[in-house]
Amino acid sequence: MANIAAKRIKREFKEVMKSEEVADGTLKLELVNNSWTELKGQIAGPSETPYEGGKFILEIKVPETYPFNPPKIRFLTRIWHPNVSSVTGAICLDILKDQWAAALTLRTVLLSIQALLSAAEPNDPQDAVVAKQYRENIELFHLTAQHWTNVYAGGPNVILDFVQKVQMLTDMGVDENQARVALSTFDWELERATEQLFS
Amino acid sequence: MAETSEAQASASAPGGDGSEDDKRDERMLECNICLDTARDAVVSMCGHLFCWPCLHQWLETRPSRQVCPVCKAAISRDKVIPLYGRGNTKQEDPRNKVPPRPAGQRSEPESAGGFPGFGFGEGFHMSFGIGAFPFGVFTSTFNFGDPRPSPAPRGTAQYDEEQFLSKIFLWVAILFVLWLIFA
């Protein structure tokens, strides 16, 4: 059965390469090994979202039972989104779980993940902290997501205030990523973030 | 004869001009699961094409959620239709591992009603009952001319039913009188 998986991934890979999304740069796909079991995808942050201008890299693991079971996909690029874990990059998306259908392909799944970036589902969160901020302070959420996109995904919008706050904490010897997570979690209140980091 | 063989030859050989169209035609006949040309093709009620082995495995993978892999409409092994093309010359049988593809369903064309006959034939119905003497008579008598298996054609159902009911009441009355006399 692994034979079907490899054969199908090969076909899909070719199809993605010929697709217009690859031509216009919205999607990218590359092989990690020669056994067609692991790939790397890349999606462009959709326009008119805080992710605009960012390039997000995804880890794609193809199970032996593919396409009868979904591929395992997570973000390798850190991202601030209610349905993606800010720590592990795990994605909460129904088609990657119980709503998987065998006719879905790597191309359609990557496009679905891209669509998830423009339409978050805060009521079915993967990251409760992010979802809470999304519900309670959407403007701050947008800024935070923009900042993360700028730092991790090469987005164009520098949020100077946030950069400075992270810098303050790293000057105190805190790991940069940890500092950013703490600040983002506590709505960029330096005192509460520091308290949490040093408690 | 010469004409047909020529037409076949030109159809099977992808020509320079029509290669784009040919490719599209080929993709139309691809299985939605393995993305290869469908073998042992079946089509779902929602119109999606699959290899039977592929679809079978999909249905086996999630027995509790049997949906079409393309449109998520309800799907089941009894509700797919096999496609039989012409000239299936393959000697090997790829269905060794999976149960054979469901057979096509041939329903007979509906007959136009016609003369119902003499009350026997399709309408004839018999049953047996066991009971103590006086009630035993009931069981065998009540089934006399039972019309259940023969729905009366052309709007006479009501009439038949009334006739039948009045017959029953008559029999009940007679039996009741007999029972009163003999018991």
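Reminder, nothing fancy here: chain letters follow the sequence lines and each chain counts from 1.
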Next item on the list: Please test A:Phe68 against B:Glu60 for side-chain contact (heavy atoms from CB on, under 4.5 Å), starting from the C-alpha separation and ending with a verdict.
Entry: CA-CA 9 Å; A:Phe68 302 102; B:Glu60 291 279 292; over 6 Å; no
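One hydrophobic cluster holds both A:Tyr51 and A:Leu116 under the rule that ILVMFWY side chains link at heavy-atom gaps under 4.5 Å. Residues A:Trp148 and A:Val174 are members of separate hydrophobic clusters, defined by side-chain heavy-atom contacts under 4.5 angstrom among Ile, Leu, Val, Met, Phe, Trp and Tyr. One hydrophobic cluster, built from ILVMFWY side chains closer than 4.5 Å, holds both A:Ile73 and A:Leu111. Neither A:Trp188 nor A:Phe141 shares a network with the other; the hydrophobic side chains, linked directly or stepwise wherever heavy atoms of I, L, V, M, F, W or Y lie under 4.5 Å apart, form separate groups for each.
One finds the CD atom of B:Gln57 at 8.5 Å from the OG1 atom of A:Thr65 (value rounded to the nearest 0.5 Å). For the atom pair CG (A:Asn3) and SG (B:Cys34), the distance works out to 11.0 Å, reported to the nearest 0.5 Å.
Applying the 6.0 Å contact sphere to CE of B:Met45 captures no more than 12 heavy atoms from other residues, nucleotides or ligands. The environment of CZ in A:Phe198 is crowded: more than 12 heavy-atom neighbours from other residues, nucleotides or ligands sit within 6.0 Å. Counting non-hydrogen atoms of other residues, nucleotides and ligands closer than 6.0 Å to OH of B:Tyr84 gives a total above 12.
A donor-acceptor distance shorter than 3.5 angstrom exists from the side chain of B:Arg65 to the backbone of A:Asp98, with no hydrogens or angles considered. Panel note: side chain B:Lys72, backbone A:Gln99; a donor-acceptor pair is recorded below 3.5 Å.
No side-chain heavy atom of A:Lys10 sits under 4.5 Å from any side-chain heavy atom of B:Leu35. Side chains of B:Asp36 and A:Arg11 form a contact here, defined as non-hydrogen atoms less than 4.5 Å apart.
In terms of heavy-atom proximity, A:Ala101 sits nearest to B:Pro69 at CB-O, 3.0 Å.
Chosen from B:Thr61, B:Ile33, B:Asn32, the residue pairing most often with chain A at heavy-atom distances under 4.5 Å is B:Ile33.
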